[in-house]
Enquirer: 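First the structure, which I've put down as C-alpha coordinates, then a few questions once you've had a look.
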Amino acid sequence: MQLYHHPFSLNSQKVRLALEEKGVDYTSFHVNPILGKNMNSSFFRMNTRAKLPVFKNGSHIIFDTVETILYIERIAAVSVGNNSFSSQEVIEWMRKIEQWNPKYFTLSHIPDKHRLFVSKFIRKVVIARMAESPDLASAYHGKLREAYETEEKLKNPDVVKRSKESLVQLLDEVETKLNDTTYIGGDEFTMADATFIPVLARLVLLGLEDEYITCRPNIADYWGLVQQRPTYKKVIGKYFNGWRKKKTLMKTWCSLRVREFLRRY
Ligand SMILES: N[C@@H](CCC(=O)N[C@@H](CS)C(=O)NCC(=O)O)C(=O)O
(Lines give C-alpha, C1' and ligand atoms only; values in the text may rest on other atoms or scores of the structure.)
Protein backbone atom coordinates (compact mmCIF):
# COMPACT_ATOMS: atom_id res chain seq x y z
CA MET A 1 0.00 0.00 0.00
CA GLN A 2 1.26 3.43 -0.90
CA LEU A 3 0.28 6.85 0.33
CA TYR A 4 1.19 9.92 -1.73
CA HIS A 5 0.93 12.83 0.67
CA HIS A 6 2.66 15.81 2.24
CA PRO A 7 2.91 17.13 5.82
CA PHE A 8 1.60 20.54 4.61
CA SER A 9 -1.59 19.04 3.19
CA LEU A 10 -4.49 19.04 5.63
CA ASN A 11 -6.27 16.14 3.92
CA SER A 12 -3.03 14.15 3.93
CA GLN A 13 -2.77 14.69 7.69
CA LYS A 14 -6.28 13.24 8.14
CA VAL A 15 -5.40 10.04 6.29
CA ARG A 16 -2.00 9.68 7.95
CA LEU A 17 -3.55 10.06 11.40
CA ALA A 18 -6.03 7.30 10.45
CA LEU A 19 -3.23 4.99 9.23
CA GLU A 20 -1.15 5.56 12.36
CA GLU A 21 -4.10 5.22 14.76
CA LYS A 22 -5.14 1.97 13.08
CA GLY A 23 -1.59 0.60 12.94
CA VAL A 24 -1.70 -0.06 9.20
CA ASP A 25 1.68 -0.37 7.46
CA TYR A 26 2.20 1.66 4.27
CA THR A 27 4.90 3.08 2.02
CA SER A 28 5.04 6.84 2.22
CA PHE A 29 5.79 9.14 -0.73
CA HIS A 30 6.15 12.87 -0.10
CA VAL A 31 4.72 15.05 -2.86
CA ASN A 32 5.24 18.73 -2.03
CA PRO A 33 2.42 20.76 -3.66
CA ILE A 34 4.14 24.08 -2.93
CA LEU A 35 7.06 22.99 -5.12
CA GLY A 36 4.59 21.73 -7.74
CA LYS A 37 5.70 18.09 -7.26
CA ASN A 38 2.08 17.04 -7.67
CA MET A 39 2.44 18.13 -11.31
CA ASN A 40 5.19 15.58 -12.09
CA SER A 41 3.85 13.41 -14.87
CA SER A 42 4.34 10.13 -12.96
CA PHE A 43 1.99 11.37 -10.23
CA PHE A 44 -0.23 13.49 -12.49
CA ARG A 45 -0.96 10.61 -14.85
CA MET A 46 -2.41 8.64 -11.93
CA ASN A 47 -4.30 11.66 -10.60
CA THR A 48 -5.02 14.46 -13.08
CA ARG A 49 -6.71 16.58 -10.40
CA ALA A 50 -3.24 16.64 -8.75
CA LYS A 51 -4.84 16.69 -5.29
CA LEU A 52 -3.37 15.05 -2.21
CA PRO A 53 -3.54 12.54 -0.69
CA VAL A 54 -3.77 9.52 -2.98
CA PHE A 55 -4.00 6.05 -1.48
CA LYS A 56 -3.05 3.08 -3.63
CA ASN A 57 -3.47 -0.58 -2.90
CA GLY A 58 -2.48 -2.60 -5.96
CA SER A 59 -4.65 -1.33 -8.78
CA HIS A 60 -7.15 0.19 -6.34
CA ILE A 61 -6.69 3.97 -6.08
CA ILE A 62 -8.71 6.23 -3.77
CA PHE A 63 -8.77 10.03 -3.84
CA ASP A 64 -11.62 10.89 -1.50
CA THR A 65 -10.38 11.41 2.07
CA VAL A 66 -13.36 9.93 3.92
CA GLU A 67 -13.53 6.95 1.55
CA THR A 68 -9.81 6.38 2.15
CA ILE A 69 -10.28 6.37 5.92
CA LEU A 70 -13.18 3.89 5.68
CA TYR A 71 -11.03 1.68 3.43
CA ILE A 72 -8.16 1.85 5.95
CA GLU A 73 -10.57 0.60 8.63
CA ARG A 74 -11.39 -2.43 6.48
CA ILE A 75 -7.68 -3.13 5.92
CA ALA A 76 -7.00 -2.78 9.67
CA ALA A 77 -9.70 -5.38 10.39
CA VAL A 78 -8.03 -7.90 8.07
CA SER A 79 -4.33 -7.12 8.66
CA VAL A 80 -4.11 -6.22 12.36
CA GLY A 81 -7.44 -7.53 13.67
CA ASN A 82 -8.64 -4.03 14.57
CA ASN A 83 -12.37 -4.49 14.22
CA SER A 84 -13.62 -1.09 15.33
CA PHE A 85 -15.50 0.42 12.41
CA SER A 86 -16.81 3.98 12.32
CA SER A 87 -20.44 4.32 13.40
CA GLN A 88 -22.93 6.20 11.21
CA GLU A 89 -22.60 9.19 13.56
CA VAL A 90 -18.80 9.23 13.17
CA ILE A 91 -19.10 9.00 9.37
CA GLU A 92 -21.52 11.94 9.40
CA TRP A 93 -19.04 13.98 11.47
CA MET A 94 -16.24 13.09 9.05
CA ARG A 95 -18.31 14.29 6.11
CA LYS A 96 -19.32 17.46 7.94
CA ILE A 97 -15.67 18.26 8.75
CA GLU A 98 -14.65 17.39 5.16
CA GLN A 99 -17.18 19.90 3.83
CA TRP A 100 -15.05 22.75 5.12
CA ASN A 101 -12.53 23.38 2.35
CA PRO A 102 -9.45 25.02 3.93
CA LYS A 103 -8.13 26.38 0.61
CA TYR A 104 -9.50 29.95 0.48
CA PHE A 105 -9.34 30.44 4.24
CA THR A 106 -5.66 29.40 4.33
CA LEU A 107 -4.62 31.37 1.25
CA SER A 108 -6.38 34.51 2.51
CA HIS A 109 -4.11 34.44 5.59
CA ILE A 110 -0.88 34.29 3.59
CA PRO A 111 0.62 37.67 2.62
CA ASP A 112 -0.18 38.50 -1.05
CA LYS A 113 3.50 38.81 -1.93
CA HIS A 114 4.33 35.22 -0.82
CA ARG A 115 1.12 33.71 -2.16
CA LEU A 116 1.54 35.26 -5.60
CA PHE A 117 5.16 34.15 -5.76
CA VAL A 118 4.16 30.52 -5.10
CA SER A 119 1.21 30.68 -7.48
CA LYS A 120 3.40 32.04 -10.29
CA PHE A 121 6.07 29.41 -9.60
CA ILE A 122 3.48 26.59 -9.78
CA ARG A 123 2.12 27.94 -13.07
CA LYS A 124 5.64 27.81 -14.52
CA VAL A 125 6.00 24.23 -13.25
CA VAL A 126 2.71 23.26 -14.95
CA ILE A 127 3.87 24.79 -18.24
CA ALA A 128 7.22 22.96 -18.03
CA ARG A 129 5.51 19.60 -17.30
CA MET A 130 3.03 20.22 -20.12
CA ALA A 131 5.90 20.63 -22.58
CA GLU A 132 7.35 17.30 -21.38
CA SER A 133 4.06 15.39 -21.64
CA PRO A 134 1.91 16.88 -24.41
CA ASP A 135 -0.54 13.97 -24.10
CA LEU A 136 -1.54 15.40 -20.70
CA ALA A 137 -1.89 18.97 -22.03
CA SER A 138 -5.63 19.34 -21.51
CA ALA A 139 -5.42 18.14 -17.89
CA TYR A 140 -2.50 20.52 -17.26
CA HIS A 141 -4.54 23.34 -18.84
CA GLY A 142 -7.24 22.53 -16.28
CA LYS A 143 -4.75 23.10 -13.46
CA LEU A 144 -3.61 26.40 -14.98
CA ARG A 145 -7.23 27.55 -15.21
CA GLU A 146 -7.75 26.49 -11.60
CA ALA A 147 -4.73 28.57 -10.49
CA TYR A 148 -6.09 31.72 -12.21
CA GLU A 149 -9.60 31.10 -10.85
CA THR A 150 -8.22 30.73 -7.32
CA GLU A 151 -6.56 34.16 -7.55
CA GLU A 152 -9.80 35.67 -8.91
CA LYS A 153 -11.88 34.12 -6.13
CA LEU A 154 -9.51 35.39 -3.46
CA LYS A 155 -10.26 38.93 -4.66
CA ASN A 156 -13.92 38.35 -3.82
CA PRO A 157 -14.43 39.08 -0.10
CA ASP A 158 -17.62 36.97 -0.09
CA VAL A 159 -15.68 33.79 -0.91
CA VAL A 160 -13.35 34.24 2.07
CA LYS A 161 -16.26 35.35 4.30
CA ARG A 162 -18.28 32.22 3.45
CA SER A 163 -15.30 29.96 4.17
CA LYS A 164 -14.80 31.66 7.56
CA GLU A 165 -18.52 31.36 8.36
CA SER A 166 -18.60 27.66 7.62
CA LEU A 167 -15.46 27.14 9.75
CA VAL A 168 -17.06 29.02 12.68
CA GLN A 169 -20.24 26.95 12.33
CA LEU A 170 -18.20 23.72 12.39
CA LEU A 171 -16.21 24.83 15.44
CA ASP A 172 -19.40 25.84 17.26
CA GLU A 173 -20.99 22.46 16.54
CA VAL A 174 -17.92 20.61 17.84
CA GLU A 175 -17.81 22.89 20.91
CA THR A 176 -21.43 21.97 21.71
CA LYS A 177 -20.75 18.24 21.17
CA LEU A 178 -17.76 18.38 23.52
CA ASN A 179 -20.07 19.58 26.34
CA ASP A 180 -21.14 15.94 26.68
CA THR A 181 -18.21 13.83 25.45
CA THR A 182 -14.40 13.82 25.62
CA TYR A 183 -13.97 13.20 21.88
CA ILE A 184 -16.19 14.09 18.92
CA GLY A 185 -17.70 10.63 18.49
CA GLY A 186 -18.03 9.81 22.22
CA ASP A 187 -15.63 9.04 25.05
CA GLU A 188 -13.21 7.14 22.80
CA PHE A 189 -10.98 8.55 20.04
CA THR A 190 -12.56 7.91 16.61
CA MET A 191 -11.87 8.71 12.99
CA ALA A 192 -13.95 11.89 13.42
CA ASP A 193 -11.09 13.14 15.63
CA ALA A 194 -8.48 12.07 13.05
CA THR A 195 -10.41 14.27 10.60
CA PHE A 196 -10.81 17.25 12.94
CA ILE A 197 -7.32 17.50 14.50
CA PRO A 198 -5.72 18.78 11.24
CA VAL A 199 -8.28 21.62 11.13
CA LEU A 200 -7.11 22.80 14.58
CA ALA A 201 -3.46 22.31 13.58
CA ARG A 202 -4.06 24.51 10.51
CA LEU A 203 -5.54 27.29 12.66
CA VAL A 204 -2.52 27.15 14.97
CA LEU A 205 -0.12 27.14 12.00
CA LEU A 206 -1.79 30.33 10.74
CA GLY A 207 -1.39 31.95 14.18
CA LEU A 208 -5.16 31.97 14.78
CA GLU A 209 -5.26 29.90 17.99
CA ASP A 210 -6.63 32.75 20.16
CA GLU A 211 -9.32 33.76 17.70
CA TYR A 212 -10.71 30.26 17.07
CA ILE A 213 -9.49 27.79 19.72
CA THR A 214 -8.72 29.47 23.04
CA CYS A 215 -12.09 31.25 23.06
CA ARG A 216 -13.90 27.86 22.92
CA PRO A 217 -13.13 26.20 26.27
CA ASN A 218 -14.14 22.65 25.26
CA ILE A 219 -12.13 22.77 22.04
CA ALA A 220 -9.18 24.33 23.92
CA ASP A 221 -9.16 21.38 26.39
CA TYR A 222 -9.64 18.89 23.55
CA TRP A 223 -6.72 20.44 21.63
CA GLY A 224 -4.49 20.07 24.72
CA LEU A 225 -5.55 16.41 25.02
CA VAL A 226 -5.12 15.32 21.40
CA GLN A 227 -1.67 16.89 21.12
CA GLN A 228 -0.49 14.30 23.67
CA ARG A 229 -1.20 11.43 21.28
CA PRO A 230 1.89 9.80 19.71
CA THR A 231 0.11 9.83 16.35
CA TYR A 232 -0.35 13.61 16.51
CA LYS A 233 3.33 14.02 17.31
CA LYS A 234 4.37 11.76 14.43
CA VAL A 235 2.06 13.22 11.77
CA ILE A 236 1.87 16.91 12.73
CA GLY A 237 3.95 17.85 15.80
CA LYS A 238 7.18 16.57 14.27
CA TYR A 239 6.86 19.21 11.53
CA PHE A 240 4.99 22.07 13.17
CA ASN A 241 5.48 22.14 16.96
CA GLY A 242 7.47 25.13 18.24
CA TRP A 243 10.76 25.83 16.40
CA ARG A 244 10.13 22.93 13.99
CA LYS A 245 7.46 24.98 12.24
CA LYS A 246 10.07 27.57 11.19
CA LYS A 247 12.45 24.81 10.02
CA THR A 248 9.76 23.05 7.94
CA LEU A 249 8.52 26.25 6.31
CA MET A 250 12.04 27.63 5.71
CA LYS A 251 13.13 24.39 3.99
CA THR A 252 10.38 24.64 1.38
CA TRP A 253 10.77 28.42 1.03
CA CYS A 254 14.53 28.08 0.36
CA SER A 255 13.99 25.30 -2.22
CA LEU A 256 11.42 27.48 -3.92
CA ARG A 257 13.75 30.51 -4.05
CA VAL A 258 16.70 28.45 -5.33
CA ARG A 259 14.62 26.84 -8.06
CA GLU A 260 13.18 30.16 -9.13
CA PHE A 261 16.69 31.65 -9.19
CA LEU A 262 18.03 28.75 -11.30
CA ARG A 263 14.76 28.62 -13.31
CA ARG A 264 14.45 24.93 -12.50
CA TYR A 265 10.75 24.24 -12.81
N1 LIG B 1 -9.28 14.57 -0.89
C2 LIG B 1 -10.04 15.66 -1.40
C3 LIG B 1 -9.38 17.02 -1.18
C4 LIG B 1 -7.97 17.05 -1.62
C5 LIG B 1 -7.33 18.42 -1.57
O6 LIG B 1 -7.98 19.47 -1.70
N7 LIG B 1 -5.99 18.43 -1.42
C8 LIG B 1 -5.18 19.63 -1.42
C9 LIG B 1 -4.24 19.61 -0.23
S10 LIG B 1 -5.08 19.42 1.31
C11 LIG B 1 -4.28 19.63 -2.67
O12 LIG B 1 -3.77 18.61 -3.03
N13 LIG B 1 -4.05 20.78 -3.31
C14 LIG B 1 -3.13 20.87 -4.41
C15 LIG B 1 -3.80 21.27 -5.71
O16 LIG B 1 -5.03 21.47 -5.72
O17 LIG B 1 -3.09 21.40 -6.74
C18 LIG B 1 -10.32 15.46 -2.86
O19 LIG B 1 -9.64 14.66 -3.52
O20 LIG B 1 -11.22 16.13 -3.36
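Numbering of ligands and ligand atoms starts at 1, following listing order. Atom set for the values below is all heavy atoms of this structure, side chains included, hydrogens, waters and symmetry mates excluded. Predicted model, so just to flag it, every value in this text is computed and none were measured.
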Enquirer: Have a look at E21 and tell me which of K234, R229, K14, R16 forms a salt bridge (charged side-chain N to carboxylate O under 4.0 Å, His left out) with it.
Expert: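 When K234, R229, K14, R16 are each tested with E21, the salt bridge (charged side-chain N to carboxylate O under 4.0 Å, His left out) holds only for R229.
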
Enquirer: Do the two ring centres, one from F44 and one from Y140, sit under 6.0 Å apart?
Expert: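 Yes, ring centres under 6.0 Å apart.
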
Enquirer: I need the nearest protein heavy-atom contact for atom 3 (C) of ligand 1: residue, atom name and distance, please.
Expert: N11 ND2, 3.6 Å

Enquirer: Any chance the rings of F196 and W223 have centres within less than 6.0 Å?
Expert: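 No.
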
Enquirer: Against the six-membered ring of F85, is R74 placed for a cation-pi contact (under 6.0 Å from the centre, within 45° of the normal)?
Expert: no

Enquirer: Considering only non-hydrogen protein atoms, determine which one is nearest to atom 16 (O) of ligand 1 and report residue, atom name and distance to 0.1 Å.
Expert: K51 NZ, 2.8 Å

Enquirer: Between R95 and E98, is there a side-chain N and carboxylate O pair less than 4.0 Å apart?
Expert: no

Enquirer: Only heavy atoms of L10, strictly under 4.0 Å: list the atoms of ligand 1 that pass.
Expert: 10 (S)

Enquirer: Looking just at side-chain N and O atoms, do S166 and Q99 make a donor-acceptor pair shorter than 3.5 Å?
Expert: no

Enquirer: What atoms in ligand 1 come closer than 4.0 Å to a heavy atom of E146?
Expert: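 So the atoms of ligand 1 that pass are 16 (O).
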
Enquirer: Identify the closest protein heavy atom to atom 14 (C) of ligand 1: which residue and atom is it, and at what distance?
Expert: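 Here the closest protein heavy atom is N38 ND2, 3.7 Å.
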
Enquirer: Tell me, which protein residue and heavy-atom name are nearest atom 17 (O) of ligand 1, and how many Å apart are they?
Expert: K143 NZ, 3.0 Å

Enquirer: Of all the non-hydrogen atoms in the protein, which one sits nearest to atom 9 (C) of ligand 1, and at what distance?
Expert: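 Answer for atom 9 (C) of ligand 1: S9 OG, 3.6 Å.
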
Enquirer: Heavy-atom distance to atom 7 (N) of ligand 1: which of N47, L52, V54 wins?
Expert: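 Residue with the shortest heavy-atom distance to the ligand atom: L52.
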
Enquirer: Could you tell me whether ligand 1 has any atom less than 4.0 Å away from a heavy atom of R49?
Expert: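 Checking ligand 1 against R49, which is what was asked, there is a heavy-atom contact under 4.0 Å.
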
Enquirer: Do K96 and W93 form a cation-pi contact, if we require the NZ or CZ to be under 6.0 Å from the six-membered ring centre and within 45 degrees of the ring's axis?
Expert: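 Yes, cation above the ring, under 6.0 Å and within 45°.
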
Enquirer: So for ligand 1, is F63 a polar contact partner (N or O within less than 3.5 Å, distance only)?
Expert: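 Yes: some nitrogen or oxygen of F63 is under 3.5 Å from one in ligand 1.
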
Enquirer: Provide, to 0.1 Å, the distance between atom 2 (C) of ligand 1 and the closest protein heavy atom, together with that atom's residue and name.
Expert: T65 OG1, 3.9 Å

Enquirer: Regarding T181 and D187, do their side chains bring together a donor and an acceptor under 3.5 Å, going by distance alone?
Expert: no

